[in-house]
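A short write-up of the structure that comes next.
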Amino acid sequence: MTKPYVFITRKIETEVLKEWTETFEVKMWEYEERPVPRAILLEEAAKADALLTMLSDKMDRELLDVAKNLKVIANLAVGYDNIDVPSATEKGITVCNTPDVLTDTTADLAFALLMATARRIVEAAEIVKEGKWTGWSPMLLAGHDIHHKTIGVVGMGKIGETVAKRATGFDMDILYHNRSRNVAAEERLGARYTSFEELITTSDFIVCLTPLTNETAGMFNKEAFMKMKQSAIFINVARGAVADEEALYEALVKGEIAGAGLDVFKQEPIGPDHPLLTLPNVVALPHIGSASVETRQGMIMLCLDNITHVLSGKQPKTIVKL
Ligand code: NAP
(Lines give C-alpha, C1' and ligand atoms only; values in the text may rest on other atoms or scores of the structure.)
Protein backbone atom coordinates (compact mmCIF):
# COMPACT_ATOMS: atom_id res chain seq x y z
CA MET A 1 0.00 0.00 0.00
CA THR A 2 1.37 3.45 -0.84
CA LYS A 3 2.01 5.76 2.06
CA PRO A 4 0.11 9.07 2.27
CA TYR A 5 2.17 11.96 0.91
CA VAL A 6 2.91 14.85 3.29
CA PHE A 7 4.57 18.02 2.04
CA ILE A 8 6.13 20.43 4.56
CA THR A 9 6.61 23.92 3.18
CA ARG A 10 9.82 24.72 5.14
CA LYS A 11 12.87 22.82 6.18
CA ILE A 12 12.47 21.45 9.69
CA GLU A 13 14.72 19.17 11.76
CA THR A 14 14.70 15.70 10.18
CA GLU A 15 15.20 14.09 13.62
CA VAL A 16 11.67 15.21 14.56
CA LEU A 17 10.27 13.52 11.46
CA LYS A 18 11.77 10.07 12.05
CA GLU A 19 8.70 8.39 13.54
CA TRP A 20 6.46 9.92 10.86
CA THR A 21 8.47 8.68 7.89
CA GLU A 22 7.45 5.13 8.76
CA THR A 23 3.81 5.99 8.19
CA PHE A 24 4.07 8.76 5.59
CA GLU A 25 6.10 9.68 2.60
CA VAL A 26 7.43 13.04 3.75
CA LYS A 27 9.02 15.71 1.60
CA MET A 28 9.91 19.22 2.61
CA TRP A 29 11.02 22.44 0.99
CA GLU A 30 14.79 22.61 1.24
CA TYR A 31 15.25 26.02 2.89
CA GLU A 32 14.34 27.17 6.37
CA GLU A 33 14.50 30.89 5.76
CA ARG A 34 13.09 31.06 2.24
CA PRO A 35 9.42 30.35 1.51
CA VAL A 36 8.56 27.73 -1.05
CA PRO A 37 7.94 29.34 -4.47
CA ARG A 38 4.30 29.42 -5.47
CA ALA A 39 4.83 27.19 -8.54
CA ILE A 40 6.37 24.43 -6.40
CA LEU A 41 3.70 24.79 -3.76
CA LEU A 42 1.03 24.33 -6.43
CA GLU A 43 2.84 21.28 -7.80
CA GLU A 44 3.17 19.71 -4.35
CA ALA A 45 -0.39 20.58 -3.34
CA ALA A 46 -1.61 18.69 -6.41
CA LYS A 47 0.02 15.50 -5.06
CA ALA A 48 -0.28 15.88 -1.31
CA ASP A 49 -2.62 14.15 1.13
CA ALA A 50 -1.48 16.61 3.79
CA LEU A 51 0.30 19.95 3.85
CA LEU A 52 2.18 21.35 6.83
CA THR A 53 2.11 25.05 6.04
CA MET A 54 3.54 28.32 7.34
CA LEU A 55 1.65 31.60 7.76
CA SER A 56 3.56 32.94 4.75
CA ASP A 57 1.97 30.34 2.43
CA LYS A 58 -1.17 31.57 0.72
CA MET A 59 -3.68 28.72 0.73
CA ASP A 60 -6.24 30.28 -1.57
CA ARG A 61 -8.93 28.97 -3.90
CA GLU A 62 -6.50 28.51 -6.81
CA LEU A 63 -4.34 26.22 -4.67
CA LEU A 64 -7.26 24.32 -3.17
CA ASP A 65 -8.68 23.72 -6.66
CA VAL A 66 -5.55 21.82 -7.74
CA ALA A 67 -5.21 19.95 -4.42
CA LYS A 68 -7.35 17.00 -5.45
CA ASN A 69 -6.05 14.53 -2.82
CA LEU A 70 -5.64 17.00 0.01
CA LYS A 71 -7.31 16.02 3.27
CA VAL A 72 -5.64 18.26 5.81
CA ILE A 73 -3.78 21.55 6.08
CA ALA A 74 -1.88 21.87 9.35
CA ASN A 75 -0.81 25.49 9.72
CA LEU A 76 2.18 26.22 11.97
CA ALA A 77 0.44 29.17 13.64
CA VAL A 78 -2.66 29.91 15.68
CA GLY A 79 -3.72 32.54 13.11
CA TYR A 80 -5.08 31.17 9.83
CA ASP A 81 -5.70 34.35 7.83
CA ASN A 82 -3.44 32.87 5.10
CA ILE A 83 -5.99 30.10 4.44
CA ASP A 84 -9.31 30.30 2.61
CA VAL A 85 -11.09 28.27 5.31
CA PRO A 86 -14.58 28.43 3.71
CA SER A 87 -13.24 26.96 0.43
CA ALA A 88 -11.23 24.29 2.26
CA THR A 89 -14.29 23.31 4.31
CA GLU A 90 -16.46 23.18 1.18
CA LYS A 91 -13.94 20.76 -0.33
CA GLY A 92 -13.84 18.57 2.78
CA ILE A 93 -10.27 19.60 3.67
CA THR A 94 -9.66 19.84 7.42
CA VAL A 95 -7.78 22.95 8.56
CA CYS A 96 -5.77 22.77 11.78
CA ASN A 97 -3.83 25.44 13.68
CA THR A 98 -1.64 25.53 16.79
CA PRO A 99 -3.47 27.31 19.61
CA ASP A 100 -2.51 27.00 23.31
CA VAL A 101 1.04 25.65 22.82
CA LEU A 102 2.23 29.14 21.89
CA THR A 103 0.14 31.23 24.28
CA ASP A 104 2.67 31.86 27.07
CA THR A 105 5.61 32.32 24.71
CA THR A 106 3.74 34.87 22.60
CA ALA A 107 2.50 36.70 25.70
CA ASP A 108 6.10 36.87 26.98
CA LEU A 109 7.19 38.44 23.70
CA ALA A 110 4.28 40.90 23.70
CA PHE A 111 5.14 42.06 27.19
CA ALA A 112 8.87 42.20 26.38
CA LEU A 113 8.06 44.36 23.36
CA LEU A 114 5.89 46.63 25.49
CA MET A 115 8.73 47.02 27.99
CA ALA A 116 11.38 47.51 25.32
CA THR A 117 9.31 50.24 23.65
CA ALA A 118 8.37 52.04 26.86
CA ARG A 119 11.87 51.97 28.34
CA ARG A 120 13.72 52.51 25.02
CA ILE A 121 15.77 49.38 25.58
CA VAL A 122 16.80 48.75 21.97
CA GLU A 123 17.84 52.38 21.43
CA ALA A 124 19.79 52.36 24.69
CA ALA A 125 21.59 49.10 23.94
CA GLU A 126 22.58 50.38 20.48
CA ILE A 127 24.05 53.56 21.96
CA VAL A 128 26.29 51.56 24.27
CA LYS A 129 27.41 49.13 21.55
CA GLU A 130 28.09 51.94 19.07
CA GLY A 131 30.33 53.73 21.61
CA LYS A 132 27.96 56.72 21.76
CA TRP A 133 27.47 56.64 25.55
CA THR A 134 29.32 59.72 26.71
CA GLY A 135 28.25 59.72 30.35
CA TRP A 136 25.36 59.66 32.80
CA SER A 137 22.84 62.49 32.57
CA PRO A 138 19.52 63.03 34.35
CA MET A 139 17.25 62.55 31.36
CA LEU A 140 19.42 60.23 29.28
CA LEU A 141 17.06 57.87 27.43
CA ALA A 142 14.25 58.56 29.89
CA GLY A 143 11.28 56.47 28.84
CA HIS A 144 7.77 55.84 30.11
CA ASP A 145 6.78 54.03 33.29
CA ILE A 146 4.94 50.76 32.92
CA HIS A 147 3.93 50.04 36.51
CA HIS A 148 0.61 51.50 37.72
CA LYS A 149 -0.33 52.50 34.17
CA THR A 150 -3.36 51.33 32.17
CA ILE A 151 -3.02 48.56 29.63
CA GLY A 152 -5.82 48.13 27.10
CA VAL A 153 -5.93 44.73 25.43
CA VAL A 154 -7.86 44.58 22.17
CA GLY A 155 -8.50 40.86 21.67
CA MET A 156 -8.67 39.41 25.19
CA GLY A 157 -8.44 35.80 24.08
CA LYS A 158 -5.86 33.23 25.11
CA ILE A 159 -2.79 35.37 24.44
CA GLY A 160 -4.43 38.67 25.41
CA GLU A 161 -5.45 37.22 28.75
CA THR A 162 -1.95 35.89 29.34
CA VAL A 163 -0.47 39.32 28.59
CA ALA A 164 -2.96 40.83 31.05
CA LYS A 165 -1.83 38.28 33.64
CA ARG A 166 1.72 39.56 33.26
CA ALA A 167 0.43 43.14 33.62
CA THR A 168 -1.00 42.33 37.07
CA GLY A 169 2.58 41.83 38.28
CA PHE A 170 3.25 45.45 37.28
CA ASP A 171 0.22 46.74 39.23
CA MET A 172 -1.41 47.89 35.99
CA ASP A 173 -5.10 48.66 35.49
CA ILE A 174 -6.43 46.36 32.81
CA LEU A 175 -9.03 47.30 30.21
CA TYR A 176 -10.04 45.05 27.37
CA HIS A 177 -12.23 44.99 24.32
CA ASN A 178 -13.65 41.97 22.49
CA ARG A 179 -16.89 41.45 20.63
CA SER A 180 -18.06 39.43 23.62
CA ARG A 181 -17.14 39.68 27.30
CA ASN A 182 -14.44 37.48 28.79
CA VAL A 183 -15.92 37.04 32.25
CA ALA A 184 -13.13 34.66 33.30
CA ALA A 185 -10.54 37.37 32.66
CA GLU A 186 -12.63 39.87 34.61
CA GLU A 187 -12.84 37.54 37.60
CA ARG A 188 -9.28 36.25 37.48
CA LEU A 189 -7.44 39.45 36.61
CA GLY A 190 -9.79 42.27 37.55
CA ALA A 191 -9.89 43.30 33.89
CA ARG A 192 -12.63 45.75 32.92
CA TYR A 193 -14.61 45.35 29.69
CA THR A 194 -14.99 48.52 27.68
CA SER A 195 -15.75 49.87 24.23
CA PHE A 196 -12.98 50.14 21.62
CA GLU A 197 -13.41 53.93 21.79
CA GLU A 198 -12.94 54.15 25.55
CA LEU A 199 -10.05 51.71 25.51
CA ILE A 200 -8.05 53.64 22.93
CA THR A 201 -8.73 57.02 24.52
CA THR A 202 -7.84 56.05 28.08
CA SER A 203 -5.10 53.40 27.87
CA ASP A 204 -1.39 54.11 28.22
CA PHE A 205 -0.52 50.89 26.37
CA ILE A 206 -2.80 49.60 23.63
CA VAL A 207 -1.98 45.99 22.82
CA CYS A 208 -3.60 44.33 19.81
CA LEU A 209 -4.11 40.57 19.95
CA THR A 210 -7.12 39.95 17.72
CA PRO A 211 -7.05 37.60 14.75
CA LEU A 212 -6.88 39.28 11.33
CA THR A 213 -10.40 39.19 9.90
CA ASN A 214 -12.52 41.40 7.65
CA GLU A 215 -13.72 43.10 10.83
CA THR A 216 -10.31 43.76 12.37
CA ALA A 217 -8.41 44.71 9.20
CA GLY A 218 -7.45 48.38 9.53
CA MET A 219 -9.22 48.80 12.90
CA PHE A 220 -6.27 50.91 14.07
CA ASN A 221 -6.73 53.69 11.55
CA LYS A 222 -6.07 57.45 11.46
CA GLU A 223 -9.09 58.22 13.66
CA ALA A 224 -8.07 55.59 16.21
CA PHE A 225 -4.51 56.89 16.53
CA MET A 226 -5.80 60.49 16.79
CA LYS A 227 -8.00 59.48 19.73
CA MET A 228 -5.13 57.91 21.68
CA LYS A 229 -3.25 59.82 24.39
CA GLN A 230 -0.13 61.62 23.19
CA SER A 231 1.78 59.47 25.69
CA ALA A 232 0.20 56.22 24.42
CA ILE A 233 2.25 53.31 23.15
CA PHE A 234 0.77 50.98 20.53
CA ILE A 235 1.85 47.35 20.56
CA ASN A 236 0.92 45.02 17.70
CA VAL A 237 1.63 41.30 18.05
CA ALA A 238 -1.48 40.24 16.08
CA ARG A 239 -1.13 40.72 12.33
CA GLY A 240 0.24 43.77 10.49
CA ALA A 241 -2.95 44.48 8.57
CA VAL A 242 -4.97 45.27 11.72
CA ALA A 243 -3.21 48.65 11.64
CA ASP A 244 -3.04 51.23 8.87
CA GLU A 245 0.76 51.61 8.75
CA GLU A 246 0.67 54.98 6.97
CA ALA A 247 -1.68 56.35 9.63
CA LEU A 248 0.55 54.90 12.34
CA TYR A 249 3.60 56.57 10.81
CA GLU A 250 1.78 59.92 10.65
CA ALA A 251 0.62 59.61 14.25
CA LEU A 252 4.18 58.88 15.43
CA VAL A 253 5.73 61.69 13.39
CA LYS A 254 3.12 64.23 14.50
CA GLY A 255 3.50 63.17 18.14
CA GLU A 256 -0.12 62.04 18.36
CA ILE A 257 1.17 58.91 20.12
CA ALA A 258 4.51 58.29 21.84
CA GLY A 259 5.73 55.02 20.38
CA ALA A 260 5.00 51.69 18.78
CA GLY A 261 6.26 48.16 19.29
CA LEU A 262 5.59 46.03 16.25
CA ASP A 263 6.18 42.31 15.80
CA VAL A 264 4.07 42.11 12.64
CA PHE A 265 3.71 44.08 9.41
CA LYS A 266 1.35 44.27 6.49
CA GLN A 267 4.11 43.12 4.14
CA GLU A 268 6.53 40.61 5.66
CA PRO A 269 9.47 40.84 5.61
CA ILE A 270 9.16 44.62 5.92
CA GLY A 271 11.43 46.43 3.44
CA PRO A 272 14.51 48.10 4.96
CA ASP A 273 13.36 51.45 3.54
CA HIS A 274 9.95 51.35 5.20
CA PRO A 275 9.25 54.77 6.80
CA LEU A 276 8.33 53.17 10.16
CA LEU A 277 11.88 51.84 10.48
CA THR A 278 13.33 55.37 10.36
CA LEU A 279 11.65 56.36 13.63
CA PRO A 280 13.54 56.05 16.93
CA ASN A 281 10.32 55.49 18.85
CA VAL A 282 9.47 52.33 16.89
CA VAL A 283 10.71 48.95 18.04
CA ALA A 284 10.37 46.51 15.16
CA LEU A 285 10.72 42.74 15.39
CA PRO A 286 10.63 40.10 12.63
CA HIS A 287 7.40 38.29 13.63
CA ILE A 288 8.95 36.23 16.47
CA GLY A 289 5.96 36.08 18.83
CA SER A 290 6.04 32.31 19.29
CA ALA A 291 9.72 31.85 18.45
CA SER A 292 11.23 29.93 21.33
CA VAL A 293 12.89 26.60 20.61
CA GLU A 294 10.52 24.73 22.94
CA THR A 295 7.37 26.33 21.55
CA ARG A 296 8.32 25.97 17.89
CA GLN A 297 9.06 22.28 18.51
CA GLY A 298 5.69 21.96 20.28
CA MET A 299 3.95 23.61 17.34
CA ILE A 300 5.62 21.28 14.82
CA MET A 301 4.67 18.22 16.87
CA LEU A 302 1.07 19.43 17.14
CA CYS A 303 0.90 19.90 13.35
CA LEU A 304 2.28 16.39 12.78
CA ASP A 305 -0.16 14.92 15.33
CA ASN A 306 -3.05 16.69 13.63
CA ILE A 307 -1.99 15.33 10.24
CA THR A 308 -1.71 11.80 11.68
CA HIS A 309 -5.13 12.05 13.28
CA VAL A 310 -6.88 13.28 10.14
CA LEU A 311 -5.17 10.78 7.83
CA SER A 312 -6.12 7.92 10.14
CA GLY A 313 -9.73 9.05 10.28
CA LYS A 314 -9.61 10.52 13.79
CA GLN A 315 -10.59 13.97 15.05
CA PRO A 316 -7.56 16.31 15.02
CA LYS A 317 -6.47 17.84 18.33
CA THR A 318 -6.95 21.44 17.17
CA ILE A 319 -9.28 22.13 14.29
CA VAL A 320 -10.22 25.50 12.77
CA LYS A 321 -13.99 25.79 12.62
CA LEU A 322 -15.84 28.22 10.40
P1 NAP B 1 -8.00 33.75 20.58
O2 NAP B 1 -7.91 33.02 21.87
O3 NAP B 1 -8.98 33.29 19.57
O4 NAP B 1 -8.26 35.29 20.90
C5 NAP B 1 -8.64 36.23 19.95
C6 NAP B 1 -9.44 37.32 20.65
O7 NAP B 1 -9.75 38.34 19.71
C8 NAP B 1 -10.76 36.82 21.24
O9 NAP B 1 -10.86 37.26 22.56
C10 NAP B 1 -11.83 37.47 20.38
O11 NAP B 1 -12.96 37.76 21.17
C12 NAP B 1 -11.12 38.74 19.93
N13 NAP B 1 -11.67 39.28 18.69
C14 NAP B 1 -11.95 38.63 17.54
N15 NAP B 1 -12.49 39.47 16.63
C16 NAP B 1 -12.56 40.68 17.24
C17 NAP B 1 -13.05 41.94 16.84
N18 NAP B 1 -13.60 42.13 15.63
N19 NAP B 1 -12.97 42.97 17.71
C20 NAP B 1 -12.45 42.80 18.95
N21 NAP B 1 -11.97 41.61 19.39
C22 NAP B 1 -12.04 40.57 18.55
O23 NAP B 1 -6.59 33.75 19.82
P24 NAP B 1 -5.13 33.80 20.45
O25 NAP B 1 -4.59 32.43 20.55
O26 NAP B 1 -5.14 34.67 21.65
O27 NAP B 1 -4.36 34.54 19.23
C28 NAP B 1 -4.73 35.83 18.82
C29 NAP B 1 -4.02 36.26 17.56
O30 NAP B 1 -2.66 36.56 17.84
C31 NAP B 1 -3.93 35.18 16.47
O32 NAP B 1 -5.10 35.13 15.68
C33 NAP B 1 -2.71 35.61 15.66
O34 NAP B 1 -3.08 36.42 14.56
C35 NAP B 1 -1.90 36.44 16.65
N36 NAP B 1 -0.63 35.76 16.99
C37 NAP B 1 0.55 36.34 16.62
C38 NAP B 1 1.75 35.76 16.94
C39 NAP B 1 3.05 36.40 16.58
O40 NAP B 1 4.02 35.68 16.37
N41 NAP B 1 3.14 37.70 16.50
C42 NAP B 1 1.76 34.53 17.64
C43 NAP B 1 0.56 33.96 17.98
C44 NAP B 1 -0.64 34.58 17.66
P45 NAP B 1 -14.45 37.85 20.53
O46 NAP B 1 -14.60 36.64 19.65
O47 NAP B 1 -15.35 37.89 21.71
O48 NAP B 1 -14.46 39.12 19.76
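What's counted below: heavy atoms across the whole structure, side chains too, no hydrogens, waters or symmetry copies. FYI, the numbering just counts along the sequence from 1. Whatever order the structure lists ligands and atoms in, that order sets their numbers, starting from 1.
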Looking only at protein heavy atoms, which one is nearest to atom 28 (C) of ligand 1, and what is the separation?
Leu209 O, 3.3 Å
Is there side-chain contact between Thr53 and Arg10, with at least one heavy-atom pair below 4.5 Å?
no
Quick one: which ligand 1 atoms are inside 4.0 Å of a heavy atom on Val237?
35 (C), 36 (N), 37 (C), 38 (C), 39 (C), 41 (N)
Any atoms of ligand 1 less than 4.0 Å from a non-hydrogen atom of Ser290? List them with their elements.
40 (O)
Please report whether ligand 1 has a polar contact with Ile159, defined as an N or O pair separated by less than 3.5 Å (distance criterion only).
yes
Is there a donor-acceptor pair under 3.5 Å between the side chain of Tyr193 and the backbone N or O of Val183?
no
Nearest non-hydrogen protein atom, atom 33 (C) of ligand 1:
Arg239 NH1, 3.7 Å
Quick check against the 3.5 Å criterion: does Asn82 have a side-chain atom that pairs as donor or acceptor with the backbone of Asp57?
yes
Write out the residue and atom name of the closest protein heavy atom to atom 13 (N) of ligand 1, then the distance separating them to 0.1 Å.
Pro211 CD, 4.0 Å
What atoms in ligand 1 come closer than 4.0 Å to a heavy atom of Val264?
41 (N)
Numbered atoms and elements of ligand 1 in range of Gly157, under 4.0 angstrom, heavy atoms:
2 (O), 4 (O), 6 (C), 8 (C), 9 (O), 26 (O)
So which protein heavy atom does atom 12 (C) of ligand 1 come closest to, and at what separation?
Asn178 OD1, 3.6 Å
In the protein, what heavy atom is nearest to atom 46 (O) of ligand 1, and what distance, to one decimal place, separates them?
Arg179 NH2, 2.7 Å
Tell me the closest heavy-atom pair linking Leu55 and Arg239, and the distance in Å.
CD2-NH2, 3.8 Å
Fit a plane to each ring of Phe225 and Phe234, take the angle between them on a 0 to 90° scale, and name the class: parallel (under 30°), tilted (30 to 60°) or perpendicular (over 60°).
perpendicular
If you apply the rule side-chain contact (heavy atoms from CB on, under 4.5 Å), what do you find for Phe7 with Lys47, and how did you get there?
CA-CA 9 Å; Phe7 181 70; Lys47 297 185 285 188; over 6 Å; no
Here the atoms of ligand 1 under 4.0 Å from any heavy atom belonging to His287 are 39 (C), 40 (O), 41 (N)
So which protein heavy atom does atom 22 (C) of ligand 1 come closest to, and at what separation?
Thr210 CG2, 3.8 Å
Is there a donor-acceptor pair closer than 3.5 Å between any side-chain N or O of Asn178 and the backbone N or O of Met156?
yes
Between Leu52 and the options Val26, Asn306, Asn75, Leu304, the side chain to side chain contact (heavy atoms under 4.5 Å, CB included) test singles out Leu304
Derivation and outcome, side-chain contact (heavy atoms from CB on, under 4.5 Å), residues Ile73 and Thr94
CA-CA 6 Å; Ile73 300 169; Thr94 304; over 6 Å; no
Distance-only N or O hit between ligand 1 and Asp81, under 3.5 Å:
no
Do Tyr31 and Glu33 make a side-chain contact, defined as non-hydrogen atoms from C-beta onward lying under 4.5 Å apart?
no
Sub-4.0 Å protein heavy atom near atom 48 (O) of ligand 1
yes
Quick one: look up the protein heavy atom nearest atom 2 (O) of ligand 1 and list residue, atom name and how far away it is.
Lys158 N, 2.9 Å
Test item: Asp244 side-chain N/O and Glu246 main-chain N/O as donor-acceptor pair under 3.5 Å:
yes
What about Val78: any of its N or O atoms under 3.5 Å from an N or O on ligand 1?
no
If we only consider heavy atoms of Thr106, is any one of them less than 4.0 Å away from an atom in ligand 1?
yes
Among the heavy atoms of Thr216, does any lie under 4.0 Å from an atom of ligand 1?
yes
With a cut-off of 4.0 Å, which atoms of ligand 1 are near a heavy atom of Asp263?
39 (C), 40 (O), 41 (N)
Spacing of CG belonging to Leu113 relative to CG belonging to Asp108, to within rounding of 0.5 Å
12.5 Å
